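Report on the following structure.
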Amino acid sequence: MPILGRRDHIIDVAIRLFCEHGFHATGVDRIMREAKVSKKTLYNHFRSKDELILAALQQHDSVFRNNFVKDVEQLANTPEGQLIAIFDAAEAWFSKQNFFGCMFVNVVGEYSDPTSPMRDVSRNFKQMIWRYIVSLCVEAGAKNPEKLANELALLFEGAIVTAQISGSALSASTAKNVAKQLLAANLAKKADK
């Protein structure tokens, strides 16, 4: 296996284990065993478990965000439709057998130090999702795009946590119904002015 391929393989295995079992509960021995690599190989690529966690978060950020945006854009072709499709894409995500909640929320729950680099990566991920929602709100012609984005992002986050705790994807459709009302009210106010 090429060196770059081996590093990516270790990260992929780590992401799966961190999502399924948590960050603290997943030891490097288990990661090495499941990735079928030696301790030397693991530490040639990552100086510490924390460095591996950061690499896993960054990789998951890129892959998840790109796939999520692509899914939303395939579900609807207008900004208004895409704002609603966020919740359809979320429902599909929640319905997957390997749904263990949001990796970024989970890592924040395990790393309480506000200066933790894990929290920085998580905050950046959430900010990028929020900026994506803001851009759709602007394109949809919302009167106050940032306010609407705050409301929709809160609905999205609440749906994720509810789905994780309840084990049911229904929170996405509930959030979608509220999102439709928020969007209709916001666009109606814009039309009234």
Side-chain angles (χ1 to χ4, degrees), residues 3-72 86-87 89-90 93-94 96-135 146-147 149-167 171-172 175:
I3 291 188
L4 183 59
R6 189 169 285 168
R7 182 181 193 280
D8 290 340
H9 174 66
I10 293 167
I11 291 171
D12 288 345
V13 169
I15 288 170
R16 179 178 53 80
L17 292 172
F18 292 149
C19 287
E20 190 170 346
H21 303 288
F23 295 89
H24 293 313
T26 302
V28 291
D29 289 339
R30 182 164 189 185
I31 294 167
M32 289 183 306
R33 189 171 53 252
E34 296 210 19
K36 295 179 174 59
V37 297
S38 68
K39 186 174 273 194
K40 182 179 185 216
T41 299
L42 181 79
Y43 286 107
N44 279 341
H45 295 288
F46 308 99
R47 291 176 293 187
S48 66
K49 181 180 174 185
D50 282 354
E51 190 175 292
L52 174 57
I53 291 171
L54 285 171
L57 289 168
Q58 290 163 344
Q59 175 68 16
H60 186 67
D61 170 354
S62 175
V63 170
F64 178 88
R65 212 165 11 94
N66 289 332
N67 288 337
F68 191 78
V69 169
K70 183 179 73 178
D71 291 346
V72 167
I86 287 170
F87 300 95
W93 173 37
F94 302 165
K96 290 182 178 174
Q97 195 168 16
N98 65 346
F99 173 71
F100 298 103
C102 176
M103 187 175 189
F104 301 97
V105 170
N106 295 343
V107 79
V108 166
E110 291 194 43
Y111 287 85
S112 60
D113 180 357
T115 64
S116 165
M118 282 61 150
R119 284 180 165 251
D120 287 340
V121 172
S122 297
R123 195 173 8 262
N124 289 339
F125 171 79
K126 295 299 182 179
Q127 282 295 313
M128 284 187 261
I129 293 292
W130 178 81
R131 283 194 294 273
Y132 171 64
I133 295 171
V134 169
S135 71
E146 288 191 5
K147 179 180 181 290
N150 286 339
E151 294 166 344
L152 294 173
L154 182 64
L155 279 175
F156 180 57
E157 292 299 325
I160 294 168
V161 173
T162 301
Q164 180 179 4
I165 292 170
S166 70
S171 62

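Residue numbers count from 1 along this sequence. Just so we're clear, the structure is a prediction, and the values are computed from it rather than from any experiment.
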All heavy atoms of Val72 vs all of Ile86, minimum pair found to be CG2-CA, 3.8 Å

d(Tyr111 OH, Met118 CE) to nearest 0.5 Å is 4.0 Å

d(Glu157 CD, Thr162 OG1) to nearest 0.5 Å is 11.0 Å

The salt bridge (Lys or Arg N to Asp or Glu O under 4.0 Å) partners of Arg65 (sequence neighbours excluded) come to Asp61

In Ile15, Leu57, Ile31, the residue satisfying side-chain contact (heavy atoms from CB on, under 4.5 Å) with Leu52 is Ile31

Residues Ala89 and Asp71: closest non-hydrogen pair is CB-CB, 4.2 Å

Rounding to 0.5 Å, atoms CE (Met32) and OG1 (Thr41) come to a distance of 10.0 Å

Could you tell me whether the side chain of Lys126 and the main chain of Phe104 form a donor-acceptor pair under 3.5 Å?
no

In terms of heavy-atom contacts, Ser48 and Tyr43 come closest through CA-CE2, 4.2 Å

Paired with Ile11, the side-chain contact (heavy atoms from CB on, under 4.5 Å) test is passed by just one of Gln58, Arg6, Gln59, Arg16, namely Gln59

In terms of heavy-atom contacts, Arg119 and Asp113 come closest through CD-O, 3.0 Å

Hits for salt bridge (Lys or Arg N to Asp or Glu O under 4.0 Å) against Glu146, two or more places apart or cross-chain, chain-then-number order -> none

Note: Lys49 and Thr26 closest approach over all heavy atoms is NZ-O, 2.6 Å

Cys102 and Gln164 have their tightest heavy-atom pair at N-OE1, 4.1 Å

Sequence neighbours excluded, the answer for salt bridge (Lys or Arg N to Asp or Glu O under 4.0 Å) partners of Arg123 is Asp120

Separation between CZ (Arg7) and CG (Leu42), nearest 0.5 Å, reads 10.5 Å

Relative to each other, are the rings of Phe87 and Phe156 parallel, tilted or perpendicular (30° and 60° limits)?
perpendicular

Whether Glu34 side chain and Val13 backbone form a donor-acceptor pair below 3.5 Å:
no

dist Ser116:OG -> Leu54:CG (nearest 0.5 Å) comes out at 7.5 Å

CZ (Phe100) and CZ (Phe18) are apart, to the nearest 0.5 Å, by 14.0 Å

